[in-house]
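For ligands, and for the atoms within them, numbers begin at 1 and follow the listed sequence.
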Amino acid sequence: MAILHVSEAEKKSGTVVALRGWVHRKRESGGIIFIILRDVTGLMQIAIKKDAVGKESWDAAVLAAIESSVQATGTVDKDPRSPTGYEMRANEFGLLHASEPYPITEYQSTELLLDRRHLWLRSRKMVAVMKARSYIFRYAREFLDRKGFFEITPPILTKAAGETGANLFETDFFGSKAYLTESSQLYAEAMVFSLEKVYSFAPSFRAEQSRTTKHLAEYWHLEPEMAYYNNTKSMALQERLVSHIAQRMATRHQDLLKEMGVDADLLIKIRPPFRRLSYEEALSVLNDGGFGLKWGDDFGVEHEKALTEHEEKPIFIYNWPKEIKPFYMPINPKDRRTVLCSDMQAPRGHGEIIGGSERIWKLEELVERMDEVEKTKGIKFNRQNYQWWIDLRRYGSVQHSGFGLGIERVIKWMLNLDHIRDAIPFPRMSNRLEP
Ligand code: 4AD
Ligand code: MG
C-alpha cells in the first residue's frame with residue numbers, strides 16, 4: 001500500500017491508507033490510544049483501539065513515546081472531535097524507532113530551546129518558519145531569474161573587506177590572514193562586466209558584538225549587482241523584488257501565514273511605489289518629532305522605529321552623508337556632502353532590510369575617494385588587497401549599482417517574529433555557536 005502524507009490522506013476519506021511520521025502528542029482513554037502524528041504536511045489523529053488491532057500493534061502504540069517515528073495503516077475520516085479535524089482508525093500500528101524521553105516539554109526557557117535547537121526545529125512554530133523561509137528564498141530567486149539575472153557563487157574566504165571592515169572574522173589561511181566575507185559585493189561587481197545582471201545568495205559574516213533582535217553573526221545575504229543601473233533604477237528593482245515576495249507569500253501560503261498568526265492582508269498591501277525620503281527629509285521628520293539629531297548623525301534603532309512604526313509598506317531613505325557610508329559610493333553631484341545610495345526600512349520598526357548604492361566606476365574618482373576616506377577617517381586601506389577590484393575600473397568600466405538584502409530581516413518582518421534568530425535554523429550570535 002502506498003504511504004501517503006497527512007494532507008493527501010485527508011482527501012481519501014473512507015479508504016484504507018498508510019501514514020508515517022512522528023508522535024506529536026499522545027493520550028490514552030478507555031482502551032484507546034490517541035496519537036497525533038506529525039509529518040511535513042500536518043497533523044493527523046490516529047485512534048488505536050485495543051480490540052481492533054493485533055497485540056503487536058497495541059504494544060507498539062503503548063511504547064510509542066513523544067517523537068518516536070511511527071507508521072500507521074487504517075481508515076481516515078472527518079471527525080469533529082479530533083483536534084486535527086480528521087481521524088484515522090488504525091488497523092495496524094508500528095514503531096520505526098522508539099524515542100528516548102524527549103528533552104523538550106511544554107514550558108521551557110528560550111535558552112534551553114536554543115541549546116536543543118536541533119530538536120526544537122520539529123516544533124510547530126519552527127516547522128512553519130522553516131517552510132516560509134524556503135518559500136521566501138524561492139520567490140526571491142524566481143523574481144531575479146525572470147528578470148534575466150545570473151546567479152553567481154562568490155568566495156567566502158577573502159583578503160579584502162567589503163564594507164567597513166570593523167566587524168570582520170579573521171582566520172588563518174595557510175599562515176596568512178584571511179577574513180570571512182561580510183559582503184559579496186566586490187566579487188559581484190567583477191561579474192557584471194561579463195554577465196551584466198547577477199546576484200549572489202550566500203552567507204555573510206559580521207562579528208557583531210551588539211546583542212539586538214536584528215543582528216546575526218552569520219546571515220544569508222542576497223546581493224544583486226547590475227551594469228548600467230543608477231541607484232534610482234536600482235530602487236525601483238528593490239521595491240519590485242520585495243513586493244513580489246510579499247505577494248507570493250500572501251496569495252500562495254495563506255494557511256501557513258494564518259497558522260503563524262500573520263495577517264496576509266498586510267502583505268497584500270506591499271506593492272510599489274514605496275515612500276522615498278532623502279536623508280535630509282528623514283532628519284527633519286525625526287527632529288520635528290522631538291529628536292535632537294544633527295546633520296551627519298547616523299540613525300539608531302529608536303529613529304528607525306519612529307520613521308517606520310506607522311508605515312504599512314517599507315520606505316527608502318536615500319542619499320546619506322558620505323561620512324557614515326562606505327568608500328565605494330559615489331559623491332552626489334547635487335549635494336557633495338552626500339553619496340548616491342539608499343537603505344530600505346521595513347515597516348513597524350523591523351529595521352533596515354536592504355542597503356544599496358551606485359558604485360564609483362571611474363578610476364580617478366575611486367582613487368581620490370579612497371584617499372579622502374583614509375584622511376578623514378584615519379584608516380588605511382591595504383591597496384594591495386583591493387588591487388583586483390580597483391583594476392575593474394581600468395578595462396571597459398561602466399556605471400553599475402547593486403544592493404544587499406538581509407533575508408533573515410525580511411523573514412522576521414514578513415512573519416512578524418520577535419527575534420531574528422528564529423528566522424534561521426541554526427543561529428550564530430556573539431553568545432551562540434552551538435548546535
Ligand atoms: O547595509 P549592508 O552592510 O550593505 C552591504 O553589505 C553592501 N555591500 C550590500 C551591497 O550593496 N551588495 O548590509 C546589507 C543588508 C542590511 O540591509 C541588512 O538587511 C543585512 O544586510 N544585515 C544583517 N542581517 C542580519 N544580521 C546582521 N548582522 C546584518 N548586517 C547586515
Ligand atoms: Mg546598511
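- Listed by number with element, the atoms of ligand 1 under 4.0 Å from a non-hydrogen atom of Ile354 are 17 (O).
- With sequence neighbours left out, Trp361 forms a ring-ring contact (aromatic ring centres under 6.0 Å, His included) with no residue at all.
- Interface atoms of ligand 1 facing Glu223, defined by a heavy-atom separation under 4.0 Å, are 8 (N), 9 (C), 10 (C), 12 (N).
- In this structure, Glu208 does not pair ionically with Lys214, as no charged nitrogen and carboxylate oxygen lie closer than 4.0 Å.
- Using a 4.0 Å cut-off to heavy atoms of Lys214, the atoms of ligand 1 that qualify are 25 (C), 26 (N).
- Aromatic ring centres of Tyr135 and His253: separated by under 6.0 Å.
- Geometrically, ligand 1 and Gly406 share a nitrogen or oxygen pair separated by less than 3.5 Å.
- One option in Glu182, Gln185, Gln345, Arg206 has a heavy atom closer to atom 6 (O) of ligand 1 than any other, and that option is Arg206.
- Each of the atoms 10 (C), 11 (O), 12 (N) of ligand 1 lies under 4.0 Å from some heavy atom of Arg359.
- On a distance-only criterion, Glu208 and ligand 1 share at least one N/O pair closer than 3.5 Å.
- The aromatic ring centroids of Phe299 and Tyr279 lie less than 6.0 Å from each other.
- Of all atoms in ligand 1, numbered sequentially from 1 with element shown, those under 4.0 Å from a heavy atom of Phe403 are 10 (C), 11 (O), 12 (N).
- Not one N or O of Leu405 is nearer than 3.5 Å to an N or O of ligand 1, by distance alone.
- Annotation for ligand 1: atoms under 4.0 Å from non-hydrogen atoms of Ile353 are 17 (O), 19 (O).
- Residue pairs meeting the side-chain hydrogen bond (donor to acceptor under 3.5 Å, both in side chains) criterion with at least one member in residues 35-46, sequence neighbours excluded: Arg38-Glu67, Asp39-Thr41, Gln45-Glu87.
- The Mg ion (ligand 2) has an N, O or S atom of Glu352 inside 2.8 Å of it.
- Taking the charged nitrogens against the carboxylate oxygens, Glu312 and Lys269 do have a contact shorter than 4.0 Å, which makes a salt bridge.
- Of the options Phe205, Tyr187, Tyr219, the smallest heavy-atom separation from atom 25 (C) of ligand 1 is shown by Tyr219.
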